[in-house]
Amino acid sequence: MLVPSRRRLWPAAWQTNTRSYLDRSVDTLNKVRVRFAPSPTGSLHIGGARTALFNWLFARHHHGAFVLRIDDTDTERSTEASYKEILTAMGWLGLDWDEGPEKGGQFGPYLQSQRLELYRREAARLLNEGKAYLCYCTVEELAERRRQAQAEGRPPMYDRRCRYLTPADRTRLEQEGRQPVIRLAVPETGTTVVKDLIRGDVAFENATIDDFIIFKSNGMPTYNFATVVDDHLMQISHIIRAEEHLSNTPKQILVYQALAYELPAFAHVPMILAPDRSKLSKRHGATSVEEYRDEGYLPEAIINYLALLGWSPEGEEEIIPLEEIIEQFSLERVSKNAAIYDTKKLTWINGHYLREGNLDRITRLALPFLQAKGLLPDPLPEKDYNHVRSVIAAVRDRVKTLAEVADAASYFFTDVTSYEEKGIRKHFTRPGAAALLDEARERLAALPEFNARAAEEAYRSLAEGKGISTGQLFHPTRLAISGRTMGPGLFEIMELLGRETVLARLDRAARWIRENLA
RNA sequence: GGCCCGUUGGUCAAGAGGUUAAGACACGAGCCUUUCACGCUCGUAACGGGGGUUCGAUUCCCCCACGGGUCACCA
């Protein structure tokens with residue numbers, strides 16, 4: 001697969017620095033290496049999944065490597081449960097990683113919490129070179145100064161007061177028991193330009209960037225520092241991430257420069273917003289991949305939908321097989337503007353994959369939903385499998401999620417205990433309705449062989465013989481045997497139910513009509 | 001508030017100076033049909049506002065408005 005636009009893929013900064021890039025490793029020369037680096041502080045969000053997907057697609061398109069790294073430097077909020085959930089969700093979506101947790105790779109470890117010496121080493125280098133310094137201000141002092149600055153209408157930037165401390169100052173401060181942080185000494189003039197593959201050049205005045213913290217007083221690096229060290233060490237070629245990181249990028253570039261690292265290419269993909277245009281959050285309903293899985297969405301549907309959010313294929317077809325998406329994917333066709341997340345389209349796509357997917361696979365995926373509703377035993381006896389499979393084949397055309405499959409299939413596995421209100425009024429209140437069901441029952445009982453074709457013939461001849469429309473006979477029957485007014489073909493239902501059940505339900509409906517409507 | 005990004009129908013989006021401004025979802029009508037879906041046909045609906053540049057701007061430039069992001073010892 002050839003790179004469509006050489007220039008756009010490899011920014012000028014790289015082309016002019018080919019030599020030092022070569023020095024890094026012949027092994028990865030010109031190889032696309034991307035990463036997805038979630039922090040394990042929650043479930044895999046739909047936005048995170050989209051970012052992961054774009055990275056994955058980019059890697060697969062270019063036959064590069066997709067690295068999964070866990071950014072767990074926030075010891076307060078990181079959890080084991082979240083870590084596991086993210087890995088599970090990635091696997092479920094089919095976003096397999098070439099290097100990362102549970103997989104390994106030559107640039108590991110892939111958990112930042114296991115790479116602390118690396119960050120310490122690089123931070124020490126910065127300190128020695130005078131590019132970073134110790135700051136003894138406490139969280140409280142900083143908060144107070146920030147508050148005051150804002151009250152006076154000044155930008156709430158760190159005032160750099162520890163930047164030029166004398167050794168004596170430091171000794172004094174340390175004796176007070178203060179634990180220092182490390183701050184980067186940011187140039188006070190000049191401009192830092194982010195060469196973004198999606199947005200073009202974005203310039204930031206260095207004067208608007210304060211001496212941000214690269215190491216916390218608890219000995220952990222901050223995101224803006226650790227991510228740079230790792231992206232460099234892991235030889236990441238393209239950093240593809242959400243737009244919310246665009247304003248972090250100049251800071252990171254400053255770190256790259258201080259550390260004398262080669263710059264990777266950057267690409268900031270648009271955000272995904274809730275229908276009210278605000279940032280997607282729990283109050284907007286399901287936002288995690290896990291929730292969608294539990295509601296009965298198929299991974300391929302989510303992938304397909306997410307690919308369409310912020311990226312567009314060249315043709316008009318929007319249901320696209322994964323291989324095709326990989327083949328077509330390019331950063332050039334990623335849009336710049338934020339997209340609103342619309343579950344209607346996701347649901348439509350899901351319905352498509354539900355109908356078209358391999359029946360055995362769909363059956364296997366739907367089974368837990370049926371079992372959760374108590375409709376089927378767990379485990380399902382081997383001998384019942386074919387029947388379940390046939391029922392799913394009959395109902396999947398008219399639903400959009402696996403949860404709906406279970407709902408639509410319920411009466412195949414449990415008794416009809418009630419009849420739809422609307423159906424009662426339309427089909428059971430007609431004079432002679434009970435007698436008609438009795439008559440139909442006799443015809444079916446008399447059939448030498450019971451199947452959809454035979455039942456349909458019997459029904460059509462009965463309707464003809466009585467001079468009534470087929471609908472007048474079909475509708476009450478449907479209500480009697482399924483309790484509903486809609487569903488698969490009537491005779492398909494009958495065959496699936498079997499003669500015994502059909503006759504019993506017809507009897508029961510006739511009795512119900514006589515008792516309740518006569 | 002400072003800085004940064006963005007603005008094509010309700011939503012996703014194509015188009016990048018001259019087009020009847022694609023397509024998809026949703027919505028509406030019809031066809032198919034024993035019902036509901038599916039499918040098919042048709043339809044409603046958009047270039048935020050104001051200035052420039054140009055023979056001509058949705059497309060290029062500027063301003064404004066609006067939306068979003070970010071300004072943490074979170075990532």
Side-chain angles (χ1 to χ4, degrees), chain A residues 37-41 71-74 76-78 112 135 137-139 142-143 146 150 153-157 179-183 194 196 198-199 202-205 207-210 212-224 226-227 241-250 268 270-271 273 275 277-279 305 308-319 333 335-349 351-352 355 395-400 408 423 427 456 459-460 463 469-475 477-479 482 484-491:
Chain A
S39 65
T41 54
D71 284 6
D72 58 349
T73 53
D74 183 350
E76 302 283 298
R77 299 193 301 151
S78 295
Q112 288 192 326
C135 166
C137 300
T138 65
V139 181
L142 292 169
R146 223 175 353 248
Q150 265 171 329
R154 288 182 289 116
M157 285 173 61
Q179 290 294 316
V181 299
I182 303 175
R183 288 182 184 270
V194 178
D196 192 283
I198 294 171
R199 274 148 229 284
V202 183
F204 295 84
E205 291 303 319
T208 64
I209 303 171
D210 66 4
F212 57 93
I213 295 171
I214 60 174
F215 246 89
K216 310 178 209 174
S217 56
N218 69 359
M220 295 296 278
T222 59
Y223 163 72
N224 280 135
T227 204
R241 65 194 0 168
E243 196 195 336
E244 58 185 316
H245 289 290
L246 183 54
S247 40
N248 274 323
T249 308
H268 290 91
M271 305 271 302
L273 269 25
R277 302 208 128 268
S278 68
K279 205 168 168 175
Y305 175 69
L308 259 21
L309 221 49
W311 174 81
S312 59
E314 279 187 43
E316 293 188 343
E317 193 52 57
E318 300 203 342
I319 298 277
R333 293 191 71 87
S335 77
K336 295 178 174 61
N337 43 314
I340 290 173
Y341 185 65
D342 173 29
T343 51
K344 286 212 189 89
K345 190 157 181 172
L346 201 212
T347 302
W348 169 75
I349 292 177
H352 170 87
R355 281 192 298 282
V395 302
R396 70 165 170 172
D397 283 357
R398 17 190 77 72
V399 296
K400 305 242 189 284
H427 311 304
E456 179 159 7
Y459 257 60
R460 289 195 185 279
S469 72
T470 51
Q472 285 177 334
L473 178 59
F474 290 12
H475 295 312
T477 302
R478 172 183 295 281
L479 189 60
S482 74
R484 309 184 187 193
T485 57
M486 44 184 232
L490 182 59
F491 306 103

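Hydrogens, waters and symmetry mates are skipped; everything else that's a heavy atom, side chains included, is used. In this text, all values refer to a predicted model and were calculated from it rather than measured experimentally.
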Sugar-phosphate, base or nothing in reach of A/G471, heavy atoms under 4.0 Å: nothing
Most 5' of A/L346 and A/T41 on RNA chain B, judged by nearest nucleotide: A/L346
Distance, P atom - from B/G28 to B/A21, rounded to whole angstrom: 27 Å
Listed partners of A/K279 passing side-chain contact (heavy atoms from CB on, under 4.5 Å), at least two apart: A/E244, A/M271
Full working for salt bridge (charged side-chain N to carboxylate O under 4.0 Å, His left out) between A/D342 and A/K345: CA-CA 6 Å; A/D342 173 29; A/K345 190 157 181 172; over 6 Å; no
Pairwise C1' distance for B/U59 and B/C47, with rounding to whole Å: 9 Å
By side chain to side chain donor-acceptor pair (under 3.5 Å) - contacts of A/T73 (at least two apart): none
Sugar-phosphate only, base, or nothing, as touched by A/I340 at under 4.0 Å among non-hydrogen atoms: sugar-phosphate
Sugar-phosphate, base or nothing in reach of A/N248, heavy atoms under 4.0 Å: base
5'-most by nearest nucleotide on RNA chain B - A/G310 or A/M157: A/G310
Touch class at under 4.0 angstrom, heavy-atom based, for A/V181 against every strand present: base
Side-chain H-bond candidate by donor/acceptor type, A/T477 with A/Y459, under 3.5 Å: yes
Interatomic distance at C1', B/G6 relative to B/C27, whole Å: 28 Å
Leading and trailing nucleotides of RNA chain B with any atom under 4.0 Å from heavy atoms of chain A: B/C3 to B/A75
Touch class at under 4.0 angstrom, heavy-atom based, for A/R484 against every strand present: nothing
Rounded P spacing from B/A29 to B/C38 in Å: 15 Å
Sugar-phosphate, base or nothing in reach of A/R478, heavy atoms under 4.0 Å: base
Main-chain N/O of A/S312 paired with A/R333 side-chain donor or acceptor, under 3.5 Å: yes
Sugar-phosphate, base or nothing in reach of A/R154, heavy atoms under 4.0 Å: nothing
Secondary structure string for RNA chain B (Watson-Crick or G-U under 3.5 angstrom, | for other-strand pairs): (((((((..(((.....[....))).(((((.......)))))....(((((..]....))))))))))))....
Results of ring-ring contact (aromatic ring centres under 6.0 Å, His included) for A/Y341 - residues two or more places apart only: A/Y305
A/R199 side chain to A/K336 backbone, donor-acceptor under 3.5 Å: yes
Residues that A/T249 engages under side chain to side chain donor-acceptor pair (under 3.5 Å), provided they are two or more places apart: A/R241, A/H268
